[in-house]
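Since the structure comes first, as structure tokens, the remarks are kept for the end.
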Amino acid sequence: GTPTFMEALAANGTTNIQTSVTGVTTSKRRFIDDRRDQPFDKRLRFSVRQTESAYRYRDIVVRKQDGFTHILLSTKSSENNSLNPEVMKEVQSALNTAAADDSKLVLFSAVGSIFCCGLDFIYFIRRLTDDRKKESTKMAEAIRNFVNTFIQFKKPIIVAVNGPAIGLGASILPLCDVVWANEKAWFQTPYTTFGQSPDGCSSLTFPRIMGLAS
């Protein structure tokens with residue numbers, strides 16, 4: 001599956017790349033090792049693939065490749081591949097499907113010149129005009145479930161960053177196993193500017209990766 005994987009990266013504009021490997025976690029290694037010698041139920045694979053092809057995603061593109069699943073952000077309900085509950089639910093659905101089928105890993109990337117602009121604030125602000133407390137609780141729950149899906153995913157997640165990664169689009173990266181970025185990628189977490197608390201566990205992961213001072 002390596003040539004196909006590299007072709008997918010090339011199509012995403014990440015052939016000349018710099019890599020940052022956070023390392024596959026012990027639990028993910030154990031999960032893969034435990035299942036390496038076990039036969040896969042072909043009926044389950046057929047069922048999952050049929051379901052996947054029948055489901056029409058609006059905000060993401062899912063491609064089943066040889067040995068891996070390629071998930072691309074291509075949002076229509078938000079601009080610049082930003083994240084609202086609809087987008088996050090589709091990503092969660094695709095990850096849950098990849099967790100159950102014969103994919104060895106997930107390649108996560110984006111269509112266009114922008115990787116992810118974080119939370120879709122326009123979407124959220126529009127809904128705060130109704131019931132602020134209720135809508136705020138729903139927002140927090142959607143973000144929590146989205147982040148937990150990355151944390152609990154048992155297979156390696158490889159991310160190809162082809163452009164700006166802002167806010168939640170940057171903070172989920174340490175929750176993945178390998179991050180590949182091309183020369184057009186840049187990262188920003190403007191939490192203080194927006195009066196927003198850090199998301200995606202970044203208050204824990206960023207100091208561990210970059211050092212407390214940074």
Side-chain angles (χ1 to χ4, degrees), residues 1-57 59-74 81 83 87-111 115-116 145-162 165 169-182 185 200-201 205 209:
T2 302
T4 307
F5 181 74
M6 297 307 295
E7 287 168 8
L9 284 172
N12 201 64
T14 48
T15 47
N16 298 320
I17 51 177
Q18 297 177 342
T19 65
S20 172
V21 181
T22 60
V24 181
T25 62
T26 303
S27 61
K28 288 187 180 181
R29 284 200 192 98
R30 190 180 300 115
F31 177 88
I32 296 167
D33 291 340
D34 289 347
R35 284 154 181 78
R36 186 168 291 154
D37 299 323
Q38 295 180 8
F40 186 82
D41 189 340
K42 293 183 178 180
R43 291 171 300 176
L44 173 61
R45 177 171 58 190
F46 177 79
S47 175
V48 169
R49 287 183 182 274
Q50 287 293 97
T51 303
E52 185 71 17
S53 62
Y55 190 89
R56 298 298 179 183
Y57 290 109
D59 292 304
I60 63 173
V61 176
V62 177
R63 296 171 178 165
K64 291 294 182 183
Q65 306 282 10
D66 182 19
F68 70 97
T69 296
H70 191 179
I71 302 173
L72 302 95
L73 284 175
S74 180
N81 288 335
L83 303 169
V87 179
M88 290 188 276
K89 284 180 181 177
E90 289 197 350
V91 173
Q92 288 174 249
S93 173
L95 285 173
N96 289 334
T97 300
D101 70 10
D102 57 340
S103 299
K104 300 296 190 298
L105 58 85
V106 163
L107 173 62
F108 186 55
S109 63
V111 174
F115 175 69
C116 178
N145 291 337
F146 178 73
V147 172
N148 280 340
T149 301
F150 280 84
I151 294 173
Q152 296 168 3
F153 193 74
K154 300 296 185 181
K155 301 176 184 180
I157 301 177
I158 316 299
V159 188
V161 184
N162 59 317
S171 65
I172 61 171
L173 297 178
L175 303 178
C176 304
D177 297 284
V178 180
V179 176
W180 294 37
N182 68 7
C201 304
T205 59
I209 294 172

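Treat the numbers as computed from the prediction; the structure is a model and nothing was measured.
Put simply, CG on L72 and CZ on R63 are 5.5 Å apart, with the number rounded to the nearest 0.5 Å. Here the CZ-CD1 distance, from F108 to I157, works out to 8.5 Å after rounding to the nearest 0.5 Å. Atom NZ of K104 sits about 14.0 Å away from atom CD of Q65, to the nearest 0.5 Å. Taking NZ of K64 as the reference point, atom CG of D101 lies at 3.5 Å (rounded to 0.5 Å). How far CD of E90 is from CG of D59: 5.0 Å, rounded to the nearest 0.5 Å. We find the CZ-CG distance between F115 and N182 to be 11.5 Å, quoted to the nearest 0.5 Å.
For N81 (side chain) and V111 (main-chain N/O), a donor-acceptor pair under 3.5 Å exists by modelled atom type. The backbone N or O of I151 lies less than 3.5 Å from no partner atom in the side chain of N148, so there is not a single donor-acceptor pair. Under the 3.5 Å distance criterion, the side-chain polar atoms of S93 are left unmatched by any main-chain donor or acceptor of K89. Using modelled atom types, no side-chain atom of S103 and backbone atom of A99 make a donor-acceptor pair closer than 3.5 Å.
Nearest heavy-atom pair across L107 and A160 is CD1-CB, 4.2 Å. Annotation for G169 and C116: closest pair CA-SG, 3.7 Å, computed over non-hydrogen atoms. Between A170 and A165, the closest heavy-atom pair is CB-O, 3.5 Å. Closest approach of K155 and A98 over heavy atoms only: NZ-O, 2.8 Å. Taking both residues in full, the closest heavy atoms of I60 and V62 are given as CD1-CG2, 3.8 Å, listed atom of the first, atom of the second, then distance. Annotation for W180 and V178: closest pair NE1-CG1, 2.8 Å, computed over non-hydrogen atoms.
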List the steps, then state whether side-chain contact (heavy atoms from CB on, under 4.5 Å) holds for I71 with V106. CA-CA 7 Å; I71 302 173; V106 163; 3.9 Å; yes

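Under the rule for a side chain to side chain contact (heavy atoms under 4.5 Å, CB included), the partners of T205 that lie at least two apart in sequence or sit in another chain are P174, L175, C201, S202.
Taking the six-membered ring for Trp and thresholds of 30 and 60 degrees, F150 and F146 have ring planes more than 60 degrees apart, a perpendicular arrangement.
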